[in-house]
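Atom set for the values below is all heavy atoms of this structure, side chains included, hydrogens, waters and symmetry mates excluded. Since this is a predicted model, take the numbers as computed values, not measurements. Residue numbers begin at 1 in each chain, while the letters A, B, ... track the order of the sequences.
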2 protein chains.
Amino acid sequence: MTEFFNHFGQYIKVSAQLKEELTKRITFKTFAKGEMLHSADRICTKSYFIQKGLLRIYFLKDGREVSEYFSCEGDWTNSPRSFIQHKLDLYYIDAIEQTDVYILEVHDLMFLFNNFPEMERYARLSMGSTFGYLIERITSMRFTTAKEKYEHFCEVYKGIYHRIPLGMVASYLGITQETLSRIRAEK
Amino acid sequence: MTEFFNHFGQYIKVSAQLKEELTKRITFKTFAKGEMLHSADRICTKSYFIQKGLLRIYFLKDGREVSEYFSCEGDWTNSPRSFIQHKLDLYYIDAIEQTDVYILEVHDLMFLFNNFPEMERYARLSMGSTFGYLIERITSMRFTTAKEKYEHFCEVYKGIYHRIPLGMVASYLGITQETLSRIRAEK
DNA sequence: CTTAACTTTTGACCTAAATCAAAAAATCAC
DNA sequence: GTGATTTTTTGATTTAGGTCAAAAGTTAAG
């Protein structure tokens, strides 16, 4: 669980007491490649912290799977609006590779928010980072060629972009797999 | 300042003491139409809460202004990464209409975070809402026609979309003004 | 008012990327 | 290992929306 506590340690000082409560509330699970972690027909009550592996968040558009984003080692993953606002949303989560995760239930997280003010700070700060990533992504989606979009993707997902199948990358970028295949071929 | 405290009241209980500290630290200013609130050559140390009016956050791409988003009555505005991470970023902020704002300096905000744990909660919760909006926007930008993008924009900015000049809307959507003009004309 | 400076619309033409189709390559299951 | 399924590549064709250019409308300043 070292990587798990280190993650919090990036933003706040993790007291022995918080560590104990986290340990008590967290569970561990391994998902096989292709296995579903979350489906759009349920409210998302779990957040997954990836110890090892790769997850994909996607939704269905006219029957086709469109990747929303990818998460790897050291990331939290859930269906954001479903988890935060406790309502249904359109996202599915599955495992691109065999993936080991720590699981935290939303009611346990609420307990932590209510009893450890530093957890509120942790949430504020870590959300702040993700914020920047989302804004940069929106920026990079407009007035850019398919090639530029792909190059931006490779930068952001440096180190893991080769672990993600081409078709999933294409839908993440909002281009067809044929176009992405041609971009990869040309250089 | 009622609208200002009401905003916090949506997320947390605002104690008399917090109210007092907020009042002490906030300043008020009016910007004329077209006036700049923030420029990319400076670090953004101020956050603006709009009492009345309309602001635009934009950046320059090949010399053209690209709208990142718009903020109106009841919204906070700043250059997000610059304000949060205290570094330079590429965004400019100007006033689309004459705009009245409450101004909070980043160091005053930090004081509030350090002395009022409920402010951390406020930040977590209000960021959570914005999060949902950003993700939905990313979703709506891929595999959609220019017309669908515009319709989504009108929904999200219902009530204020007619206050924003066409060219600014077009760049927000990542389409040309000519295309947007034709979309508006056809129906 | 009147001129200047933007903003929006309209028209003609062009191109990046979509679509459709099928072959080739890689991966999986037994 | 072998056939079946899935993923990726390649080719031909189409199209939505971009570019360029200019006219029409609108707003602002003196």
Side-chain angles (χ1 to χ4, degrees), chain A residues 31-36 53-54 56 58 60-67 70 92 94-99 140-154 157 160-187, chain B residues 31-36 53-54 56 58 60-67 70 92 94-99 140-154 157 160-187:
Chain A
F31 289 91
K33 180 175 177 169
E35 203 174 341
M36 296 291 277
L54 189 54
R56 165 180 70 143
Y58 68 95
L60 296 175
K61 166 109 191 172
D62 308 322
R64 316 192 117 271
E65 296 174 357
V66 180
S67 304
F70 309 101
Y92 297 79
D94 70 1
I96 294 178
E97 306 170 350
Q98 175 183 308
T99 301
S140 80
M141 287 177 80
R142 287 168 302 161
F143 305 111
T144 49
T145 62
K147 187 176 176 180
E148 286 169 334
K149 289 187 180 83
Y150 178 62
E151 281 163 357
H152 181 256
F153 165 81
C154 290
Y157 284 100
I160 65 157
Y161 71 93
H162 57 279
R163 288 158 64 183
I164 307 167
L166 175 138
M168 293 182 187
V169 173
S171 72
Y172 170 90
L173 296 174
I175 63 178
T176 59
Q177 21 182 358
E178 293 93 327
T179 297
L180 182 52
S181 175
R182 280 181 249 261
I183 287 166
R184 277 191 174 169
E186 82 188 32
K187 57 162 187 181
Chain B
F31 288 91
K33 179 174 177 171
E35 203 174 340
M36 297 289 279
L54 188 54
R56 165 181 68 144
Y58 68 95
L60 297 174
K61 166 111 190 169
D62 308 323
R64 316 192 116 271
E65 296 174 357
V66 180
S67 303
F70 309 101
Y92 298 79
D94 68 3
I96 294 178
E97 306 171 349
Q98 176 182 309
T99 302
S140 80
M141 288 178 81
R142 287 168 301 161
F143 305 113
T144 49
T145 61
K147 187 176 177 180
E148 286 170 333
K149 288 185 181 83
Y150 178 63
E151 282 164 355
H152 181 257
F153 165 81
C154 291
Y157 284 100
I160 65 156
Y161 71 93
H162 57 280
R163 289 159 63 185
I164 306 167
L166 174 138
M168 292 183 189
V169 173
S171 72
Y172 170 90
L173 296 174
I175 64 179
T176 60
Q177 20 181 1
E178 292 94 327
T179 297
L180 182 52
S181 175
R182 280 180 249 261
I183 287 166
R184 277 192 175 169
E186 81 187 31
K187 53 163 188 181

More 5' along DNA chain D: A:I164 or B:T145, using each one's nearest nucleotide?
A:I164
Closest-nucleotide 5' rank along DNA chain D - winner of B:K33 and B:T176:
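Of the two residues, B:T176 wins.
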Nucleotide [N], atom [atom2] - distance to [atom1] of [X] in whole Å:
X	N	atom1	atom2	result
B:H162	C:dT8	NE2	P	14 Å
B:I96	C:dC6	CD1	P	17 Å
B:R142	D:dA16	CZ	P	22 Å
A:Q177	C:dA17	CD	P	16 Å
A:L173	C:dA16	CG	P	18 Å
B:R184	D:dG17	CZ	C1'	17 Å
A:L180	D:dT8	CG	C1'	10 Å
A:E186	D:dT10	CD	P	12 Å

Kindly give the heavy-atom pair with the smallest separation between [X] and [Y], and that separation in Å.
X	Y	value
A:Y92	A:M36	CD2-CE, 3.5 Å
B:S171	B:S67	OG-N, 2.9 Å
B:F143	B:E148	O-OE1, 4.2 Å
B:L180	B:L166	CD2-O, 3.5 Å

B:Y172 and B:R56: side-chain donor and acceptor closer than 3.5 Å?
no
Categorize B:I175 for me: base, sugar-phosphate, or nothing, with a 4.0 angstrom heavy-atom threshold over every strand shown.
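Counting heavy atoms under 4.0 Å across all strands, the contact made by B:I175 is with sugar-phosphate only.
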Which is true for B:G174 with a 4.0 Å heavy-atom rule: it touches a base, it touches only sugar-phosphate, or it touches nothing?
sugar-phosphate
Nearest to the side chain of B:T179, heavy atoms from C-beta on, is which of D:dG17, D:dT19, D:dT8?
D:dG17
Output the single nucleotide from D:dT8, D:dG18, C:dT19 whose closest atom is nearest the side chain of A:E178.
C:dT19
Between the side-chain atoms of B:R182 and the base atoms of D:dG18, is any donor-acceptor pair under 3.5 Å?
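Answer is no: no donor-acceptor pair is held.
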